[in-house]
Novice: 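Next up is a structure, given as structure tokens.
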Amino acid sequence: MSLPPIWRQFLYETGEISRFTGRFFSQGFKPRYEITELLRQCFIIGYKSLPLIGLTGFIMGLVLTMQIRPSLISYGAESQLPAMVGIAIVREIGPVITALIFAGKIGSSIGAELGSMKVTEQIDAMEVSGTNPFKYLVVTRVMASTLMLPVLVILGNAISLYGSYLGVNIRGVTSFDLFFKQVFDALSFKDFVPAFIKSYFFGFAVGMVGCFKGF
Amino acid sequence: MHDVATIAIKGDAKSNSDGVLLINSLHKSFGSNHVLIDFNLKLEGGEQVAVLGKSGSGKSVLIKCIIGLLVPDEGVINVLGHDIESLNSYELDQVRTKVGFLFQSNALYDSMTVRENLEFPLRRHSIKLTPSERYNKVIAVLQNVGLAHTVDMMPAELSGGMRKRIALARTLILEPEIILYDEPTTGLDPITGKEISRLIKTIGEKYNTSALIISHDMECIRMTSDRIIMLIDGKCYAQGTYEELKKSNDEKVKQFFE
Ligand SMILES: Nc1ncnc2c1ncn2[C@@H]1O[C@H](COP(=O)(O)OP(=O)(O)OP(=O)(O)O)[C@@H](O)[C@H]1O
Ligand SMILES: [Mg+2]
């Protein structure tokens, strides 16, 4: 019995990316460590995607607040607005939307960059210049995106909550302190931790897939 | 000149009088695409040899095997007395410092300035230099190719011919004993092509390097090489000087000289 081509292709691709990931773990933690390049990638990957993630987060918080308000008013539960938005953002929407944007921006740019380096033989040139291109290019990028996404998620959440605070204040008046007190009263540590840990895996996956497609 | 004479070469100890590069019955295929079938070559110290072949005949594959970027299916490649396949990665890096490689597409790192491009091999091969020594070296090789003023520019700001010369400068910075040129003149206008050819010739004379020049540009080959090897059907089909091959009656050889 033979598999239909599309299934074979799927299994083949899965095998390849697993092997690529295996290579990351077998080479990534041995010297020589590319610390300078890692820091440079953290800067590029983290800092450069901050404006976009900040903007999206802000709009998300603002719009979510404005849209939920009428429904809550009809139940007479307007005072629950900060708590509800806070939980939604911190638990789920923040990490997922941030990771999605991160994948769109960083994942594709890593893929395009490495792909163009490959066709213009820059990867070969690195290898003959005494550099392991897998460590220099792939390991640093995957590590940088794994480390940077959680940071971006935290910043994105903060900006999002600020957007929500402004949204609450479009109609009605709530002080900054009161708003955040309500948000944090509704949240507990165990709302935050899984979302935070999850974002490491998102970051790893984005970096890995981007590098796999390009390298 | 080189220490190769004292090191016995696996498989071909006798003919290793002064050869800096020796290839013995090299086979390389990609799936069912047999690119190189029993290719042999010997490069003497200081010699400039051209490899001539059609597009897709496996010229780039050949020099990528020499530098260890591709692993041959069969055959022995001996560079400066080292059997490439038997080296570990550290030893391979050591050999690679003595072999310059000019890539067909230049392979300049486009996220780095010209200066960083040229410093890259020096840094990565852990060559001990102070920053000012390193900078002086960069300027010196750039002067060799007449582009010292571009040191702080990005590769994207340079013309194709300039990029080729920067790539050549990067090849020279480690002072290699052998230089592998992969189509140094393709994609350039005839005048710039000639300039590059002249540069290659000057480099060979000035530093007494050996060179393997891969090309299908007859003008470049005529100007730069002492000897020509014709790569046809994955084999060394014919060899000789430019004049000798030009007089050949063989159909396959003749078509290159028309
Ligand atoms: N990494 C690879 N995987 C599969 N096939 C390859 C690979 N590299 C080269 N080939 C095949 O080997 C053959 C020779 O390619 P090569 O690049 O050596 O040609 P070339 O002689 O350098 O041609 P050109 O003058 O156009 O540069 C081609 O048929 C190509 O498809
Ligand atoms: Mg080629």
Novice: Atom NZ of residue position A:Lys135 - does it have more than 12 heavy atoms of other residues, nucleotides or ligands inside 6.0 Å?
Specialist: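 Enclosed: over 12 neighbouring heavy atoms sit under 6.0 Å from NZ of A:Lys135.
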Novice: Flag yes if more than 12 heavy atoms outside A:Lys198 fall under 6.0 Å of its NZ atom; otherwise flag no.
Specialist: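 Yes, NZ of A:Lys198 has more than 12 neighbouring heavy atoms, counting only those of other groups under 6.0 Å.
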Novice: Answer with yes or no whether the side chains of A:Ser129 and B:Arg124 bring together a donor and an acceptor at under 3.5 Å.
Specialist: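 There is no such pair between these side chains.
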Novice: Is the closest basic N to carboxylate O distance between A:Glu121 and B:Lys64 below 4.0 Å?
Specialist: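 The answer is yes: the pair qualifies as a salt bridge.
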Novice: Which heavy atom of A:Ala125 sits nearest to which heavy atom of B:Arg170, and what is that distance?
Specialist: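 Heavy atoms only, the tightest pair is CB-NH2, 3.8 Å.
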Novice: So what's closer than 4.5 Å to chain A heavy atoms on B:Ser126: side chain, backbone, both or neither?
Specialist: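 The side chain, not the backbone.
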Novice: Which bit of B:Gln104 is near chain A, if near means a heavy-atom gap under 4.5 Å: side chain, backbone, both or neither?
Specialist: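 Both parts, heavy atoms under 4.5 Å.
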Novice: Mark yes when over 12 heavy atoms from residues, nucleotides or ligands other than A:Tyr162 sit less than 6.0 Å from its OH; otherwise mark no.
Specialist: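 Open: at most 12 neighbouring heavy atoms sit under 6.0 Å from OH of A:Tyr162.
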Novice: Is there a side-chain contact between B:Pro121 and A:Met126 in this structure, where contact means two heavy atoms from C-beta onward sitting under 4.5 Å apart?
Specialist: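 The answer is no; the side chains never approach within 4.5 Å.
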Novice: With side-chain contact (heavy atoms from CB on, under 4.5 Å) as the criterion, how do B:Ser111 and A:Gln122 come out once you've worked through the C-alpha distance, each side chain's angles and the decisive distance to 0.1 Å?
Specialist: CA-CA 11 Å; B:Ser111 59; A:Gln122 290 174 52; 6.0 Å; no
Novice: Does anything in residues 5-31 of chain A reach chain B? List residues with heavy atoms under 4.5 Å apart, or say none.
Specialist: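 None at all.
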Novice: Of B:Leu180, B:Asp93, B:Leu69, which is the lone residue that meets side chain to side chain contact (heavy atoms under 4.5 Å, CB included) with A:Val128?
Specialist: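 Going through B:Leu180, B:Asp93, B:Leu69 one by one, the side chain to side chain contact (heavy atoms under 4.5 Å, CB included) with A:Val128 is satisfied by B:Leu69 alone.
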Novice: Select, from A:Asn132, A:Val119, A:Thr131, the one with the greatest count of heavy-atom pairs under 4.5 Å involving chain B.
Specialist: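 If we count pairs closer than 4.5 Å to chain B, A:Thr131 comes out on top.
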Novice: Name the member of B:Phe120, B:Tyr90, B:Phe103 that forms the most heavy-atom pairs with chain A at distances under 4.5 Å.
Specialist: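 Counting heavy-atom pairs under 4.5 Å, the top option is B:Phe103.
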Novice: Starting at CG of B:Asp110, measure out to CE of A:Met117 and round the result to the nearest 0.5 Å.
Specialist: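 It is 7.0 Å, given to the nearest 0.5 Å.
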Novice: Above 12 or not: heavy atoms from other molecules or residues under 6.0 Å from CE of A:Met84?
Specialist: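 Counting other residues, nucleotides and ligands, CE of A:Met84 stays at 12 neighbours or fewer.
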Novice: Just how far is it from atom OG1 of A:Thr120 to atom CG of B:Leu108, taken to the nearest 0.5 Å?
Specialist: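 Atom-to-atom, A:Thr120:OG1 and B:Leu108:CG are 9.0 Å apart.
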Novice: For A:Phe201, does the CZ atom sit with more than 12 other heavy atoms under 6.0 Å from it, leaving out its own atoms?
Specialist: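 Check fails, neighbour count at 12 or below.
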